[in-house]
Amino acid sequence: MTRVFNFSAGPAALPEPVLRQAAEEMLDWHGSGMSVMEMSHRGREFIAIAAEAESLLRQLMAIPAHYKVLFMQGGAIAENAIVPMNLLRGHAGADYIDTGEWSKKSIQEARKYGRVNVAASAADSGYTTIPPRQTWRLDPGAAYVHICSNETIGGVEYPDAPDVGAVPLVADMSSSILSRPVDVTKYGALYAGAQKNIGPAGLTIVVVREDLIGQALSITPSAFDYKTVADNESMYNTPPTYAIYIAGLVFKWLKDQGGLVAMEAHNRAKAALLYDYLDRTAFYRSPVARDCRSLMNVPFKLKDDALDAAFLKGAEERGMVQLKGHRSVGGMRASLYNAMPIAGVQALVAYMQEFEARHG
Ligand SMILES: *Cc1c(COP(=O)(O)O)cnc(C)c1O
């Protein structure tokens, strides 16, 4: 068996010990005689698995008791509708910050449910910056302020949670959740699809302040009403049971690694290795402003894009896959989620140097 260094933006690499444990437990979970996939979501075994996953996530992120943790489905793209349906709470609209492809999608979808005020946009920079907080034109009557914490495609990331005063901050954290500690109390709600930094596709994590739920628009599907989901402990409908189980194993793995403080150090070391090299050479470049470069997704360009295909082919021959940039921006993108070991980034930088020496 050979495992590659998988730089995919998502679904993405998972920690090998988690995959091994899942393989061992595949046919018989803890003497139950069943695979987790075969268990009733209302059975004693699975209820314990889900409770353990929630408890570990609460510990890792230091989620206070007045926040609900919801295990949902539909991904961040469904949340683009579910958020306004649940959180407009009688307000006419909400503020959105436009920092790239994913926030644009959130904005388009929210317009179906309320008035969207784009309070700031990085369009003029070609989405290579985060608009400075003092330039945001926030509406004090907004239901919430929505941001995308980390733009998976453009590779821009907020260094910290912006201060938006009393209006609840809502964040799409799909590609940065669990990469470093966050102060959950700065957010009214945050959400993330699991397939970047948590586990298999199919699970969506929502963390929402309790006082914000219970006022969903009447058109909200019951399965997407945060109050209904919370009141039923995420079991109003059948949750993505196997994905929750794997997520729980990943949470345990993160705890064993030293939690999110240790993860941040690990992720900063990996990102620095790659960005430092990008800044030292004229053969490759990072398009993103230095103060908002993503720790998780690093887009970069070769001096001559005619070399892109040869670069990707050579990388693949060396066991490094999924480095092609998103079609909307071109070039390359290396995603360095928690499960990417530093050895993967060392191998990538060594290959980039070798390629530069041959073609530079
Ligand atoms: C991947 C991603 C999405 C889309 O998630 P789906 O699970 O496909 O709905 C949305 N936002 C961000 C920031 C992402 O990285």
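When a ligand or atom number is given, it counts from 1 through the structure's own listing order. Every value quoted in this text rests on a predicted model; they were computed, and no experiment measured them.
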Are the side chains of Val298 and Ser294 in touch, meaning some heavy atoms are under 4.5 Å apart?
no
Do the side chains of Gln59 and Lys255 get nearer than 4.5 Å, heavy atoms only?
yes
Check the pair Tyr191 / Met173 against side chain to side chain contact (heavy atoms under 4.5 Å, CB included), numbers first and verdict last.
CA-CA 6 Å; Tyr191 60 91; Met173 287 197 185; over 6 Å; no
How long is the straight-line distance from CD1 of Ile82 back to CG of Leu87, given to the nearest 0.5 Å?
10.5 Å
Tabulate distances under 3.5 Å between N/O atoms of ligand 1 and N/O atoms of the protein, writing both atom names on each line.
from     : atom 1 : to     : atom 2 : distance (Å)
ligand 1 : 7 (O)  : Gln195 : NE2    : 2.8
ligand 1 : 9 (O)  : Ala76  : N      : 3.1
ligand 1 : 9 (O)  : Ile77  : N      : 2.8
ligand 1 : 11 (N) : Asp172 : OD2    : 2.7
ligand 1 : 15 (O) : Thr152 : OG1    : 2.4
ligand 1 : 15 (O) : Lys196 : NZ     : 2.6

Could I get the full list of ring pair (Phe, Tyr, Trp, His ring centres under 6.0 Å) partners for Tyr113, not counting sequence neighbours?
none
Does the plane of the ring in Tyr144 sit parallel, tilted or perpendicular to the ring in His146? Use 30° and 60° as the thresholds.
perpendicular
